[in-house]
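Shown next, in structure tokens, is the structure this report addresses.
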2 protein chains.
Amino acid sequence: MTASPSIRTKRERADQTRARILDASIHEFSENGLAGARTEQIAEAAGVNKALLYYYFKSKEGLYAAALESIAVGVRASGLATLNANASAGERFLKSALEHFDRIHTNWRFQSLMQQEMVRLHRGEAHALTPLVETVFKPLTTRMHEVLLEGIASGELIDVDPSQIRYATLGANVLYFLSAPLMRMVSGTDPLERGAMGLRRKLTIEFLGQSIFRDRKHGAKVAAQVLSATPMPENGGIPPRPTPEFRKNKSEKVRHL
Amino acid sequence: MTASPSIRTKRERADQTRARILDASIHEFSENGLAGARTEQIAEAAGVNKALLYYYFKSKEGLYAAALESIAVGVRASGLATLNANASAGERFLKSALEHFDRIHTNWRFQSLMQQEMVRLHRGEAHALTPLVETVFKPLTTRMHEVLLEGIASGELIDVDPSQIRYATLGANVLYFLSAPLMRMVSGTDPLERGAMGLRRKLTIEFLGQSIFRDRKHGAKVAAQVLSATPMPENGGIPPRPTPEFRKNKSEKVRHL
DNA sequence: CATATTTAACTAACTAGTTAGTAAAATAAT
DNA sequence: ATTATTTTACTAACTAGTTAGTTAAATATG
């Protein structure tokens with residue numbers, strides 16, 4: 001287990017192990033939640049002994065918080081990038097809506113962790129999200145608000161509450177992916193299949209072009225432009241599930257002998 | 001323990017205990033999830049012995065499924081009622097959007113259970129939701145689709161994908177409540193406080209009036225009409241949480257001795 | 001050798017589900 | 001109507017298994 005020959009020093013190898021633990025944690029926590037994830041499983045996936053988790057991070061919750069922070073790093077940057085692009089406020093907002101849609105499925109782990117954190121927050125648990133408020137959520141929310149206000153002031157967008165536009169836009173994306181397995185049962189077709197997703201992606205932006213732009217013809221043009229400028233990224237992250245029904249649980253073991 | 005004098009027969013008392021168990025289950029499961037809820041705690045809250053849960057429902061999952069079905073009964077009726085009201089398609093849709101907003105906070109337990117079920121579905125777990133697909137979700141989705149198509153055909157609503165209108169509308173409501181504890185940390189004000197909620201309720205409908213109606217003046221009128229016809233219901237269901245931070249976990253006990 | 005990293009072995013606490021038994025109500029027999 | 005028998009509703013105590021976290025020893029590495 002003397003690792004790859006490229007890594008020699010003690011420090012480097014330790015850092016690498018640490019990173020492997022974080023990777024495995026993101027994987028396990030995003031799929032099974034804080035309570036559902038098993039430390040033993042994380043250790044195994046990282047190829048280390050369970051006690052090592054407690055050597056690097058003091059507790060399961062500490063590990064969870066670290067995993068959350070490590071995955072959140074990239075989100076802020078890409079989110080702000082679209083909002084600061086060189087384009088009209090309306091176009092920047094559509095770009096950012098599209099980026100949000102794409103990010104949900106390319107970085108599904110992050111989305112999954114966030115959804116579980118929201119539930120935990122409602123229960124009054126979770127310190128884990130607190131640090132991300134300042135580093136990620138506040139900057140993104142604020143910037144988006146500014147862009148929308150700018151678009152409204154310039155007359156490009158309709159004069160409605162910017163937060164409401166935000167809720168409707170992000171909410172649509174969140175709900176699409178969150179409800180996908182349910183809608184699959186309702187409609188028979190899988191919203192996570194690439195074709196369906198590509199269509200939804202297009203309809204999402206076109207809808208915004210028609211709904212929040214004062215001049216709907218202009219909105220349609222901007223939507224088309226944004227869509228043609230940003231092709232759908234490769235299938236990223238939502239781990240495909242087998243047939244919806246039969247599948248033995250993991251987090252809640254059934255033990256009827 | 002001969003209970004109240006009004007209940008004499010064995011059968012009646014048994015039905016009552018069964019109902020008490022279901023009530024306690026809804027409470028516990030909605031607050032702690034399937035895995036997080038403790039059978040002992042459910043039994044205690046229902047005032048019965050734990051083994052009785054297994055006498056009435058064969059397993060924890062069976063109890064969960066029964067609780068879910070019992071709470072879902074009311075949702076279909078109220079949802080369909082607004083969609084079938086006597087009004088234009090556009091107005092019926094706004095009514096139904098408003099009913100959805102109100103239902104989320106008056107029947108928070110249902111919403112909470114649904115959100116957790118969505119996550120479970122993504123993991124490939126959950127038979128519990130399957131029966132509700134036919135009895136609740138399919139009828140509601142179908143009817144809403146019909147209403148939207150009617151509104152588009154009549155020219156009252158803009159010609160965009162009906163499903164996209166649904167995602168944007170319901171998604172906005174879901175995200176508002178789901179992200180409330182996070183937004184409270186971001187903005188400092190509590191979205192679940194009654195004043196804020198009343199405002200959001202109004203902005204939600206007004207936004208739809210401006211965004212999905214072909215004639216925005218007409219949309220504004222319909223929105224005002226729907227809002228004045230339906231006052232905000234009394235504070236229903238989201239259990240208020242103390243100060244966001246400090247609060248010992250329940251589902252994931254920390255046992256560092 | 002001394003220090004940082006890693007592990008095998010262990011434990012204390014907890015939890016879903018079971019079992020064996022009881023009290024009282026319902027039903028059948030006399 | 002009284003007694004005997006069966007069924008229903010319910011409980012106390014227990015089992016078997018799981019899991020987060022600890023400890024002390026081992027293994028590199030500088």
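Computed from a prediction, not measured in an experiment: that's the story for all the values here. Chain identifiers are assigned alphabetically (A, B, ...) following the order of the sequence lines, protein sequences preceding nucleic acid strands; residue numbering begins at 1 within each chain.
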Taking A:Arg109 for the side chain and A:Thr106 for the main chain, is one N or O donor matched with an acceptor at less than 3.5 Å?
->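 It does not hold such a pair.
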
Calculate, to the nearest 0.5 Å, the distance between atoms OG1 and CG belonging to A:Thr17 and A:Leu53 respectively.
->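 The CG atom of A:Leu53 is 11.5 Å from OG1 of A:Thr17, to the nearest 0.5 Å.
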
What about the rings of A:Phe177 and A:Phe101, do their centers lie closer together than 6.0 Å?
->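 Here the rings of A:Phe101 and A:Phe177 have centres that are less than 6.0 Å from each other.
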
Looking at [N], I'd like to know if its phosphate oxygens (OP1 or OP2) sit under 4.0 Å from a side-chain N or O belonging to [X].
X       : N      : result
B:Thr39 : C:dA16 : yes
B:Arg38 : C:dC14 : no
A:Ser59 : D:dG21 : no
A:Tyr55 : C:dT6  : no
A:Asn49 : C:dT6  : no

With a 4.5 Å heavy-atom cut-off, do B:Ile42 and B:Phe29 have their side chains touching?
->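 Answer yes - side chains close enough.
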
Whole-Å distance between [N] [atom2] and [X] [atom1]?
X       : N      : atom1 : atom2 : value
A:Glu28 : D:dT19 : CD    : P     : 12 Å
B:Tyr56 : D:dT11 : OH    : C1'   : 13 Å
B:Ile21 : D:dA9  : CD1   : P     : 11 Å
A:Arg18 : C:dT6  : CZ    : C1'   : 16 Å
B:Asn32 : C:dA16 : CG    : P     : 11 Å
A:Leu53 : D:dT19 : CG    : P     : 14 Å
A:Ile42 : D:dT19 : CD1   : P     : 12 Å

Mind listing the side-chain donor-acceptor pairs of residues 165-174 of chain A below 3.5 Å, one per line with the distance, residues two or more places apart or on another chain?
from: A:Thr169; atom 1: OG1; to: A:Ile165; atom 2: O; distance (Å): 2.7
from: A:Asn173; atom 1: ND2; to: A:Ala97; atom 2: O; distance (Å): 3.3
from: A:Asn173; atom 1: ND2; to: A:His100; atom 2: ND1; distance (Å): 3.0

What does A:Phe57 touch in the nucleic acid at a heavy-atom separation under 4.0 angstrom: a base, only the sugar-phosphate, or nothing?
->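 A:Phe57: no heavy atom of the nucleic acid under 4.0 Å.
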
First encountered from the 5' end of DNA chain D, between A:Glu40 and B:Leu52 =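 The 5'-side residue here is B:Leu52.
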
Out of [options], whichever nucleotide has its closest atom nearest the side chain of [X]:
X       : options                : value
A:Ala51 : D:dC10, C:dA16, D:dT23 : D:dT23
B:Tyr54 : D:dG21, D:dC10, C:dA16 : C:dA16
A:Lys50 : D:dG21, C:dT7, D:dT8   : D:dG21

